[in-house]
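Notes follow the structure.
So you know, we letter chains A, B, ... as the sequences are listed, proteins then strands, and number each from 1.
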Number of protein chains: 2
Amino acid sequence: MSDVTDRRERLREKLVEVAEAAIAEGGLAAVKARPLAEAAGCAVGAIYNVFPDLDGLILAVNVRTLEALDQAMTEVGGRFPDDPERHLQALGAAYLGFAAAQTRRWRALFEHRLPEGYAVPDWYTDRLDTIFRHLRDPFAALFPDRPASERIEMARALFAGAHGIVALGLDGKLGAVDAPVIAARIRFLVRAVLAGA
Amino acid sequence: MSDVTDRRERLREKLVEVAEAAIAEGGLAAVKARPLAEAAGCAVGAIYNVFPDLDGLILAVNVRTLEALDQAMTEVGGRFPDDPERHLQALGAAYLGFAAAQTRRWRALFEHRLPEGYAVPDWYTDRLDTIFRHLRDPFAALFPDRPASERIEMARALFAGAHGIVALGLDGKLGAVDAPVIAARIRFLVRAVLAGA
DNA sequence: ATAGCCTCTTGAACGACGTTCAAGAGTGCG
DNA sequence: CGCACTCTTGAACGTCGTTCAAGAGGCTAT
């Protein structure tokens with residue numbers, strides 16, 4: 001029994017690893033059953049013993065990406081304990097840095113759509129929430145007198161705004177731009193939001 | 001000759017129309033050769049006489065969507081000739097309104113990725129630029145003393161930021177929300193950016 | 001030790017997809 | 001009326017995600 005569980009767990013791990021490499025190499029479109037099976041050293045059917053379908057596998061890869069993103073944002077966390085604005089600026093830069101360095105993995109987070117009627121698992125939304133929480137403390141420090149709900153809305157607006165700048169910037173839609181320009185836009189947005197709030 | 005051109009043009013029109021309906025109904029995933037051919041009353045192969053592939057057809061649909069979006073943003077244009085901030089607020093509301101009302105068509109604009117090495121046509125980027133230009137005049141009125149390049153960057157940051165709020169909001173990622181909450185975030189972002197700039 | 005059971009694994013098979021292309025239909029011109 | 005040429009057709013091809021009958025392999029009870 002534990003032997004079987006081990007095999008299963010190892011295969012799961014291997015598949016996520018291989019799928020992650022495929023995404024990093026060729027985006028979501030590169031997640032294909034037969035090549036994955038070959039790279040993982042199993043039969044095509046074996047994938048479906050471990051994941052319900054390829055969407056489930058992609059979800060598992062994406063949650064890993066979220067963990068990596070969370071780590072990148074955690075690393076800038078302790079650096080500005082008494083300067084919330086610089087902290088937020090650093091978070092913005094970290095977000096852009098991650099997206100620019102791991103563009104295809106990061107893009108898979110938003111490009112991937114669950115099929116109709118596929119419920120997003122809790123462990124996924126929880127992860128997303130964890131990412132977002134990095135903004136909570138700086139906003140609390142900056143606006144201690146405002147109600148928490150208002151601060152949360154401001155934080156969401158800023159996060160989504162920065163995300164939009166990165167998304168459109170890296171897409172090259174709205175004119176091709178390079179990372180420094182995108183970084184400047186984020187800095188402007190953060191500063192403006194804090195100054196205007 | 002003109003007869004043939006007419007047939008061709010009519011088929012093209014019909015296909016775009018049918019593909020647009022398919023996207024509005026079931027998103028990009030619903031753009032499939034055989035159903036489209038059936039709905040348009042032609043053979044599957046006929047699609048490829050008019051478009052290089054389905055991506056070309058989707059591009060044609062998307063440029064139509066951009067035209068509709070442009071129209072929605074143009075309509076709010078003349079309403080606040082002497083209040084640039086309200087003009088910008090109205091543009092943000094119009095963008096959200098369009099995206100909320102035509103979610104699948106709007107989403108197709110960003111969800112669709114050209115295959116590797118497929119160049120985005122000029123008539124497409126031109127259209128995108130036209131959309132963005134709506135922000136130019138209000139920013140020029142608000143910050144007449146700043147260099148135009150700086151104003152453009154501010155406008156791009158605000159546009160992308162608002163887009164991010166709409167995108168994450170309608171996705172339901174980062175917590176499910178309804179349109180009024182998204183609208184409030186955009187209002188906050190616009191006000192903050194203008195106040196902070 | 002071994003027989004029996006049950007789960008895991010396999011890869012051929014299925015239907016649907018985008019795209020192609022040989023063959024047929026249709027059109028305009030001499 | 002016949003020729004040449006283009007447009008149109010849908011069967012066919014390769015690939016996709018997914019399924020499932022059949023075989024392999026290990027665990028338990030005797």
Would a single hydrophobic cluster contain both A/Phe110 and A/Leu28, if residues Ile, Leu, Val, Met, Phe, Trp and Tyr are joined by side-chain heavy-atom contacts under 4.5 Å?
no
Do B/Tyr95 and B/Ile186 come within less than 4.5 Å of each other through their side chains, counting heavy atoms only?
no
Measure the distance from CG on B/Asn49 to P on D/dT8 and round it to the nearest whole Å.
6 Å
Quickly work out the B/Glu38 CD to D/dT9 P distance and round it to whole Å.
13 Å
Would you list the protein and nucleotides 19-23 of chain C atom pairs, both N or O, that sit under 3.5 Å from each other?
from: C/dT19; atom 1: OP2; to: B/Tyr48; atom 2: OH; distance (Å): 2.8
from: C/dT19; atom 1: OP2; to: B/Leu54; atom 2: N; distance (Å): 3.1

I need the residues from residues 17-30 of chain B with at least one non-hydrogen atom less than 4.0 Å from DNA chain D; give them sorted by number, or say none.
none
Could you give me the CA-CA distance, side-chain angles and deciding distance for B/Arg185 and B/Val177, then say whether side chain to side chain contact (heavy atoms under 4.5 Å, CB included) is met?
CA-CA 11 Å; B/Arg185 286 184 197 161; B/Val177 289; 3.5 Å; yes
Are A/Met73 and A/Val63 joined in one hydrophobic group, where the rule is that I, L, V, M, F, W and Y side chains link up if heavy atoms are under 4.5 Å apart?
yes
Considering only heavy atoms from C-beta outward, does the side chain of B/Thr130 approach that of B/Glu67 to under 4.5 Å?
no
How would you label the contact of B/Val31 with the nucleic acid (heavy atoms, under 4.0 Å): base, sugar-phosphate, or nothing?
sugar-phosphate
Rounded off to whole Å, could you give me the CZ-to-P distance for the B/Arg8 and C/dT27 pair?
17 Å
Single-linkage hydrophobic cluster A/Leu168~B/Leu114, side-chain heavy atoms < 4.5 angstrom:
yes
Using whole Å, what does the distance between atom C1' of nucleotide D/dC16 and atom NZ of B/Lys32 come to?
12 Å
Separation of D/dT6 C1' from B/Leu11 CG (nearest whole Å):
15 Å
Atom CG of B/Leu36 to atom C1' of C/dA16: distance rounded to whole Å?
14 Å
Could you list the residues that satisfy side chain to side chain donor-acceptor pair (under 3.5 Å) with B/Asp137, not counting sequence neighbours?
none
Whole-Å gap separating C1' (C/dT9) and NZ (A/Lys14)
18 Å
Can you check whether B/Arg86's main-chain N or O pairs, donor with acceptor, with B/Arg79's side chain at less than 3.5 Å?
no
Should the pair A/Glu13-A/Arg64 be classified as a salt bridge under the 4.0 Å nitrogen-to-oxygen rule?
yes
